[in-house]
There are 2 protein chains.
Amino acid sequence: MTTIREVAKLAGVSVATVSRTLNNSGYVSESTRKRVEKAVKELNFYPNEVARSLFQKKSKLIGLLLPDITNPFFPAIAKGVEDGVNQRGYSLLLGNVEDDAEKESDYLKIFEQNNIAGVISAVQGSAAKLNNMPLVLLDRVNSHQEYAVHSDDYAGGKLAAQAVVERNPEKVVIMVGPKSVAGSAMRLAGSEKVLQESLVPYEVFQTASFQLNLAEETAERFFEQHPDVDSVIASNDVYALAVMKEAIKRGMNIPEDLQIIGYDDMPFSRMMYPGLSTIAQPAYQIGYQGAELLCNILEKGYAHENHIQLPVTLKLRESLRKKDLDE
Amino acid sequence: MTTIREVAKLAGVSVATVSRTLNNSGYVSESTRKRVEKAVKELNFYPNEVARSLFQKKSKLIGLLLPDITNPFFPAIAKGVEDGVNQRGYSLLLGNVEDDAEKESDYLKIFEQNNIAGVISAVQGSAAKLNNMPLVLLDRVNSHQEYAVHSDDYAGGKLAAQAVVERNPEKVVIMVGPKSVAGSAMRLAGSEKVLQESLVPYEVFQTASFQLNLAEETAERFFEQHPDVDSVIASNDVYALAVMKEAIKRGMNIPEDLQIIGYDDMPFSRMMYPGLSTIAQPAYQIGYQGAELLCNILEKGYAHENHIQLPVTLKLRESLRKKDLDE
DNA sequence: TTGAAAGCGATACCAG
DNA sequence: CTGGTATCGCTTTCAA
């Protein structure tokens with residue numbers, strides 16, 4: 001590893017001067033700047049970020065907390081975050097915490113130990129625990145005190161229910177995500193409002209988690225408890241898929257016997273058959289804008305808008321029946 | 001942030017002693033060790049990894065290079081890697097490089113600047129560029145000089161072709177992944193061997209990339225070039241899915257008109273309908289064992305086996321027809 | 001068994 | 001404009 005010292009020696013200047021040219025800070029005469037740059041190139045020098053970070057008490061690393069990297073919604077977010085932070089010269093420390101509070105605080109500690117510049121988190125409740133590291137929440141929002149990028153869950157819940165209501169539902173069941181997830185409650189509220197106003201009866205099925213590996217057994221339980229369901233509003237696309245698969249296994253036709261709408265629009269939802277109707281969240285955008293928000297906070301110390309809300313959209317595919325009018 | 005100095009002061013010892021107790025290095029009397037530990041607890045102290053890393057010229061971070069985080073196969077690997085390195089006290093710096101050589105070397109540079117302990121890479125050719133950072137390759141292997149964990153691509157290719165051959169293929173097309181990916185060639189070789197020995201005619205369709213976002217247009221091109229195909233051996237599950245979807249769009253029945261087998265067995269392949277037959281690679285295991293291999297190298301400086309090969313298995317689902325015998 | 005002190009590689013203050 | 005130097009927090013000789 002070549003250090004600033006060797007550059008200084010080669011250029012015939014002090015390390016202070018090299019540092020100044022590197023960072024465009026303070027005065028450097030044109031001629032010495034040239035000499036330094038030449039030496040830098042010649043030695044193929046680039047500064048050690050660890051040393052920088054030690055002095056500055058702040059690294060160019062950002063911690064990314066994800067609840068479940070195997071749910072394709074989160075890699076989509078992660079990609080947005082990555083592109084966003086890269087653009088501003090940061091890199092990501094990955095923390096996949098799996099709804100495990102202990103793992104989460106372990107990571108938060110590791111982040112601190114590494115002089116992380118800030119945290120972007122898509123997991124619930126990663127709020128108080130961090131000792132004043134700047135934080136941006138994605139998708140899952142707690143209070144209005146914090147910086148967050150999220151989509152309009154209430155509108156999403158309404159949209160989903162609306163789509164079902166327009167399609168001759170007999171027996172509707174809403175699958176609700178874990179209570180601990182703020183967005184779930186908002187979606188449920190939105191859906192319930194529409195169903196109640198339309199006088200469509202419905203039931204609620206609570207899922208314990210959003211974890212991918214629980215989706216299949218949850219789908220089984222779902223049909224045991226609601227054997228006569230004909231329309232489901234699922235908590236996310238993964239669970240919608242599991243329900244669809246289980247329904248087909250039970251000999252039901254989709255969408256004739258069972259229609260279903262998901263949430264998220266993960267990349268695969270449009271690639272399956274029947275195509276999964278869903279409420280699309282702009283996952284990449286959520287990630288990207290979250291990254292920008294955090295970087296602005298890091299650079300300017302604040303941001304004007306602390307809540308960025310992104311729109312959701314209805315994606316109609318084959319898993320919903322035709323509208324009444326169309327029949 | 002509380003430092004080792006404050007701990008030393010509170011315990012009434014020198015920082016050297018604190019450091020020694022923290023690391024179990026050198027002599028520390030039982031009584032002072034107690035005092036130090038008490039102080040550590042009282043101040044809730046944990047060492048700054050950046051300072052450590054600066055001195056040791058080696059951090060507790062491992063760089064993870066992935067070709068496409070939106071392909072569910074890689075998050076599955078990533079999860080294995082994460083669990084593996086966490087177990088040994090390391091964390092991950094994420095680099096999603098998207099088949100982009102420049103992005104890859106950017107990340108390699110960032111890794112160096114951060115005194116990374118080692119690199120785990122699932123992208124092709126991340127070999128020479130790194131200045132003697134320990135490297136473990138996943139899934140995609142170059143030469144036999146390097147440390148790598150991968151599955152048996154040749155056997156996988158054979159298995160896939162075998163499954164098709166036994167099921168009355170009329171016109172077989174093999175989709176081959178990018179030439180730059182070593183595994184692709186092995187799989188192709190395996191498949192060709194079986195097809196040739198069975199005297200089943202076939203054609204080869206070359207895909208330019210494994211990227212998720214190109215899957216759909218590739219599927220369209222595929223059918224334009226091979227309108228009469230009835231059996232496809234796809235390069236991976238994502239592309240198999242895209243082909244399935246496109247086939248259904250074109251009014252073909254699966255598996256009657258078109259049967260298909262994928263590769264990878266990503267978590268979703270079993271969740272769709274029809275279920276995708278595929279060659280399963282143990283993604284999580286590949287990641288986990290790769291992590292262990294790297295950690296062993298880091299701690300002991302070497303490892304006995306530099307190539308770990310994991311078995312692949314055939315997963316039969318609805319996307320393949322019944323065997324001839326069964327009909 | 002313990003402590004003083006010299007770094008690790010970079011930054012930034014203060015003189016000159 | 002430039003250079004000397006203290007400093008960031010921790011580890012590790014080397015003496016005591």
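Since we're looking at a predicted model, the values are computed, not measured. Because only heavy atoms are used, hydrogens play no part in the values below, and waters and symmetry mates are left out as well, while side chains stay in. In what follows, every chain begins at residue 1, and chains take the letters A, B, ... in the order their sequences are listed.
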Checklist outcome for this item: Hits for side chain to side chain donor-acceptor pair (under 3.5 Å) against A:Ser91, two or more places apart or cross-chain, chain-then-number order -> none
Checklist entry - Can you name the ring-ring contact (aromatic ring centres under 6.0 Å, His included) partners of A:Tyr302, sequence neighbours left out? => result A:His304
Mind listing the side-chain donor-acceptor pairs of residues 69-79 of chain A below 3.5 Å, one per line with the distance, residues two or more places apart or on another chain?
from	atom 1	to	atom 2	distance (Å)
A:Thr70	OG1	A:Asp68	OD1	2.6
A:Thr70	OG1	A:Asp68	OD2	3.4
A:Asn71	OD1	A:Phe73	N	3.0
A:Lys79	NZ	B:Glu98	OE2	3.4

Checklist entry - Does the B:Asn23 side chain pair with the main chain of B:Ser25, one donor and one acceptor, at a distance under 3.5 Å? => result no
Next on the checklist: Just to be sure I understand the geometry, which residues of residues 5-27 of chain B put a non-hydrogen atom under 4.0 Å away from DNA chain D?
Outcome noted: B:Ala16, B:Ser19, B:Asn23
Item to check | Any residue meeting side chain to side chain contact (heavy atoms under 4.5 Å, CB included) with A:Arg5, in chain and number order, not counting sequence neighbours | outcome: A:Thr3, A:Val15
Checklist entry - Say you draw a straight line from OG of A:Ser53 to CG of A:Asn48; how long is it, rounded to the nearest 0.5 Å? => result 9.5 Å
Item to check | Partners meeting side chain to side chain contact (heavy atoms under 4.5 Å, CB included) with A:Gln87 (sequence neighbours left out) | outcome: A:Tyr288
Item to check | Minimum-distance pair of heavy atoms, taken over all atoms of B:Asn86 and A:Lys103 | outcome: ND2-CE, 4.2 Å
Checklist outcome for this item: Which of A:Leu61, A:Val81, A:Val85 passes side-chain contact (heavy atoms from CB on, under 4.5 Å) with A:Tyr90? It is A:Val85
Checklist entry - Can you check the B:Lys34 NZ to C:dT1 P distance for me, whole Å? => result 14 Å
Item to check | 5' to 3' contact window, DNA chain D with chain B (heavy-atom distance under 4.0 Å) | outcome: D:dG9 to D:dT12
Item to check | Nucleic acid contacts - residues 45-63 of chain B versus DNA chain D, non-hydrogen atoms under 4.0 Å | outcome: B:Phe45, B:Pro47, B:Asn48, B:Ala51, B:Arg52, B:Phe55, B:Gln56
Checklist entry - Under 4.0 Å between a side-chain N or O of A:Thr3 and OP1 or OP2 of C:dC8? => result no
Checklist entry - Bend across the helix from C:dT1-D:dA16 to C:dG16-D:dC1, to 10°, with axes taken over 5 pairs at each end? => result 50°
Checklist entry - salt bridge (Lys or Arg N to Asp or Glu O under 4.0 Å): which pairs involve residues 281-309 of chain B, sequence neighbours left out? => result B:Arg88-B:Glu299
Next on the checklist: Can you pull out every salt bridge (Lys or Arg N to Asp or Glu O under 4.0 Å) where at least one residue sits in residues 18-34 of chain B? Sequence neighbours excluded, please.
Outcome noted: B:Glu30-B:Lys34, B:Arg33-B:Glu37
Next on the checklist: Please confirm whether the shortest side-chain N or O distance from B:Thr32 to OP1 or OP2 of C:dT2 is below 4.0 Å.
Outcome noted: yes
Item to check | Residue that, paired with A:Val40, satisfies side-chain contact (heavy atoms from CB on, under 4.5 Å) out of A:Thr2, A:Ile4, A:Thr21, A:Val7 | outcome: A:Val7
Next on the checklist: From CD of B:Gln113 over to P of C:dA10, roughly how many Å is that when rounded to an integer?
Outcome noted: 10 Å
Next on the checklist: List the residues meeting side chain to side chain contact (heavy atoms under 4.5 Å, CB included) with A:Asp99, not counting sequence neighbours, and say none if there are none.
Outcome noted: A:Pro67, A:Arg140, A:Ser209, A:Gln211
